[in-house]
Amino acid sequence: MIHAAFLVFLLPLAGAAVLALGGRRLGDPLAGWVGTAGVAGAFVAACVTTGGLLSRAAPARSFDQTLFTWIPVGGLNVKAALLVDPLSMTMALFVTGVSTLIHLYSIGYMRGDEDYPKFFLYLNLFVASMVILVMGDNLLFTFVGWEGVGVCSYWLIAFWFGRPSAASAGKKAFLYNRLADVGFLLAIFLVFERTGTLQYHGIFAHLGAIGPSSRTAICLLLFAAAAGKSAQLPLFPWLADAMEGPTPVSALIHAATMVTAGVYLMCRINPILHTSHPAQLVVASVGAATAFVAATIGCAQDDIKKVLAYSTVSQLGYMFLAVGTGAYEAAIFLMVAHAFFKAELFLGAGSVIHGLDDEQDLKRMGNLRRWMPLTFGTFVFGWLAIAGIPPLAGFWAKGDVLDNAWARFPVLWVVGLVTAALTAYYMSRLSALAFWGDDRWREVLARPAGATGSGGHPGHDAHPHEAPWVMGVPLVVLALLSFVGGALLLPWRPGAPLHWLAPVFGGRLYDAHLSGTTQWVLGVVDAAVAVLGVAVALPLWSRRPVHDRLEPEALKRAWFLDDVYDAVIGRPSQAAARFAATVVDVQVIDGAVNGVGRLARGAGSGLRRVQTGFVRQYALGIVVGAVALLAFMASRVW
Amino acid sequence: MTALLAATAHVVLPKIAYHSILPVLVLLGGAAALLGVSALVRRPLDTSAVTAVTVLTALGSLSTALVQWADVRNHGPHVAIDGAIVQDGFSALIGVLVSCAVLLAALVGDSWMRREEVRGPEFQVLMLISAAGAVVMGEANDLVVVFLGLEILSIALYVLAAFDARRQQSGEAGLKYFILGSFSSAVFVYGIALTYGATGTTNLPQIADYLARNVLLHEGLLLAGIALLLVGFAFKVAAVPFHLWTPDVYQGAPTPVTGFMAAVAKAGGFAAFLRVFVSSFGLMRNDWQPAVWVVAALTLLLGAVVALVQRDVKRMLAYSSINHAGFVLIGLQAGTAKGVEGALYYLFTYTFMVIGSFAVITVVGGRGDGLHDLERYRGLARRSPWLAISFTVLLLGQAGIPFTTGFLAKLEVVSGAVSGGSTVLAVVAMVSAAIAAFFYLRVVFLMYSSGAPVVELSAAGAGPGGEVRSLSLPAGVSPSVAVEGGPAGAGGGVGTAVAEDEDEEIATIPPTATAVAISLCVGVTVIFGLWPAPLTGFAHLAQLLIH
């Protein structure tokens, strides 16, 4: 049963291989079904493996599954191996599960795209990389998945690379991630230098060999990597631009793969993180700050996908807040719940965009609940869940995070609570603008038909249309999951499913010893704050789509972060590059290279004259060589 | 008469353990079968039948070599046939390597024979015999057996080099190789004689044993013997300054033969070289190490530098193979188990890269096997993307780019040199690798650049012309060849220009057999570059009986 673990990443890889070789021949939609089958198979394999794991006693639920020895060089012996334990299987389960739904949805969404098979090829590779990331048995194998996820995200965000904005968004995502990866690499070097191994179990067994400052350094370096991948301050701008990719990609990146990788990594290294209080404080503070900043930005965005993007950043901030407080279970709980409702929201948004002929501006939507009942009906669950309305999944997950923050870092709890209110507010604003109010979309749908006259939509048919069933099924499933996802870890149930993670975190799990009353009070406060946010935003924004004072320029432009980066990093480095290209390269480097080249060529031209073609001279060469050798040997004797 | 009988009565024939020379027997058996059948049937044998038999023979010797490997792993190394033959991981690895080389070269040769309309089994038969010689050199445990293997290997190669009767360079190459090869063989035998004179034996372990037990008062005789053996081996593996034959012979020989020669002759030569110097003369290493140091450094630098100025790709790769020999010499120079391991790994990976590269050159060379100018490669990626990407991989492998076997090979020998204390030599090696990268990358660049090849061709005419002139023999040696040298060279040049248009499509689509061979070479280079564990493990376990 445990051996099925390999299939979890091999099946999507196989799917990718099939699509790479025969994708064009399979065509549309068969290629999509093949890709979906690969990921669905992985989900089944993950279920089987989990079943195998569950059949053992709780302390014995951790296995190394070696595929082959990858790099045996000197003291470094890296195996391509999987670590099968509750944490990796939880991740694998929800990664493959949510991905399967997104694949299914993409079959309909991407229909008619000329690179249809390529899209599924990338998607499958993406899932395979993510599975390698979460199931890797050592830092280096995890890093392989980490980089695979990075490169797949680049391909997918820039999937419509014909659009300059998409191409540059892909580059931006890649650059931010690469920058962060430096932290990962340095951490790998440091860990290897201190412990001589990269395997997680080995590292944790040799914790004594790592000094306190090194532990903090390792944690912070890995957190830097995590901050890049999981879009935390100050590295989050790429995630908003990543919306340039097709909507299923956004859903995949935001819900199941990629951004959760950072949270997973921090949970995975919990034995190290636990011993470094400064690192924990940094992680928690950055998380809380990111949650707040991103929520404020989300309040002023007009692009439906950008709002969702910033909400993801904000929710990830919550997860890091939980990780920083040592509440790893809460972090994973929020991650899973978030995967459900964020995938729901994205796919719902995709359905809206699809129905409105690729319109993403919220100000051009409105009153869609009349026209797209299924989308609206399912979207409501995602919206209320992320807003934290009981009894949906988001309420329980966020409540768990906030309870722990309250017990450990009360200041951060306040930040989290304010953010919760903001979350409810901006998500309600989004829903109000999209599903309530006037039919502002009419001009959108009228425009293309009238302007181009190509006759895609005749005038009488110009109303939003509901998506095909392959897009509808995932919406319904995810809505359901958003509703009941809270059952994974209800506070009063000691046997909640997510408690099976306990062996991984063990005594390091921060246990908020809150009395029943406190828990009740905190829960009521959470719910009140959420209801407040909804109650303020819904009437406000459904009545009128424009409130200039509530959408200041600073928030619209994401606290001018991009401009700051451009001024501080972009322009100086461009100037440095120009200097290097025109002065250093041309004069110094080329000069040296050409000089060496001229020397070598000169030597070569000279030496080739020895090659006369005359056998007698060649023989002479042998004789000269032999005599020289004999002379040398003679010199050894005398 | 009675005295003779009495004398012969004392000759005790050693027990011949046939299983210990099974790969050799298989190779020779395949050759004998081909020859026998071709003598019995009236019409010339079908090329595909000949190739099939050769491939089967190669697979047979490959499997027997692997059986020997398993035997050595299970029962440990041992000697056989009265100490003349040794069975250890090293010899088994050489057997595997040579079998692979035969397999690949037979596939490339098949396509070449069809294109050039060469009939009959002789080409493949000679290849099998030559390979048998290389395997013998790998398992020789006696200087006389080493010499035996050397001659079996070389004589077949002399003929192979001259095999393309229609190109005068081919005959010239064979003749040059033969004359100089005989010369170096003579030197080698003299080295054996001197060694025997100094130690009283030609058996390799016994030499080591003798040197360990006795302190030589006059070691001059032995040192002279070592020096002359060094000359013989250095000639065979094309080390500077005994390399002068290499460019002419590599360029003149039919291209599939060049690939085979570059792989197998080097493998055989280095196998015996390593065994003799590391096992037998291990105690004398303070005497030979400086000499090998200088030879290695010269070989590395000269191979890389002179390749820079070549316009003929075949000749350029000849110099690059000299550069590779330098790298293997580094492993030898270290004189340690790690050095031997590195040298073996290098040889193994080099075999695939070099046969694959020459296979590509065979295809691009076109009918007549004469179009090897650099300009011929301009825009190859457009005409034949598959061929271009394969060649790119093989060249990058030879340049030692990471994620190919070539990178690890260079890393292994250089780290062996550093751990053996020859840091300066390691630096020289890396410098030469940097120089060499230039001419490898130039070919890659040309393949992926477009341009007007016709205009460039006329400008390039001067390059090959110069090389052809340098190839011609002096009148005293071969008058007819020298007279024809000029016109033939000019004819080749004209042929290039004329054939360009019609050959374009045909020449750059590799025939199936060659495509299979190239794919195998590329596959090995990339797969074991990404996943080095099996091959490095193989080389690590393939140790000499004595070191």
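Here is the naming used below: chain letters follow the sequence lines, and residue numbers restart at 1 for every chain. When reading the values below, keep in mind they use all heavy atoms of this one structure, side chains included, and skip hydrogens, waters and symmetry mates.
For A:Phe6, the CZ atom counts as densely surrounded, since its 6.0 Å shell holds more than 12 non-hydrogen atoms of other residues, nucleotides or ligands. Taking a 6.0 Å sphere around NZ of B:Lys338, one finds it holds more than 12 heavy atoms contributed by other residues, nucleotides or ligands. Within a 6.0 Å sphere centred on CZ of B:Phe538, heavy atoms belonging to other residues, nucleotides or ligands number more than 12. At most 12 heavy atoms of other shown residues, nucleotides or ligands fall within 6.0 angstrom of atom CZ in A:Phe161. Within 6.0 Å of CZ on A:Phe143 lie more than 12 heavy atoms contributed by other residues, nucleotides or ligands.
Annotation: maximal heavy-atom pairing with chain A below 4.5 Å, among B:Val294, B:Asn286, B:Ile435, occurs at B:Asn286. When the candidates B:Tyr319, B:Trp531, B:Trp245, B:Trp288 are compared by the number of heavy-atom contacts under 4.5 Å with chain A, B:Trp531 comes out ahead. Of the listed residues (B:Gly537, B:Pro534, B:Pro290, B:Ala234), the greatest number of heavy-atom pairs within a distance under 4.5 Å of chain A belongs to B:Pro290.
Proximity to chain A (any heavy atom under 4.5 Å) is restricted, for B:Leu530, to the backbone atoms N, CA, C and O. For A:Ala619, the parts lying under 4.5 angstrom from a heavy atom of chain B are both the backbone and the side chain.
Of all residues in residues 624-633 of chain A, those placing a non-hydrogen atom less than 4.5 angstrom from a non-hydrogen atom of chain B are A:Gly625, A:Ala626, A:Leu629, A:Leu630, A:Phe632, A:Met633.
When the options B:Leu175, B:Asp248, B:Ile179 are evaluated for a side chain to side chain contact (heavy atoms under 4.5 Å, CB included) with A:Val615, the one that passes is B:Ile179.
Applying the side-chain hydrogen bond (donor to acceptor under 3.5 Å, both in side chains) test to A:Gln617 and every residue at least two apart in sequence or in another chain returns A:Thr612.
In this structure, the separation between CZ on B:Phe235 and CD1 on A:Ile622 is 5.0 Å, given to the nearest 0.5 Å. Atom CZ of residue A:Phe614 and atom CG of residue B:Leu244 lie 13.5 Å apart, to the nearest 0.5 angstrom.
Applying the salt bridge (charged side-chain N to carboxylate O under 4.0 Å, His left out) test to every pair with at least one member in residues 141-150 of chain A, sequence neighbours left out, gives these pairs: A:Glu147-A:Arg178. Pairs of residues two or more places apart, or lying in two chains, that qualify as salt bridge (charged side-chain N to carboxylate O under 4.0 Å, His left out) and include a residue from residues 628-638 of chain A are A:Arg636-B:Asp287.
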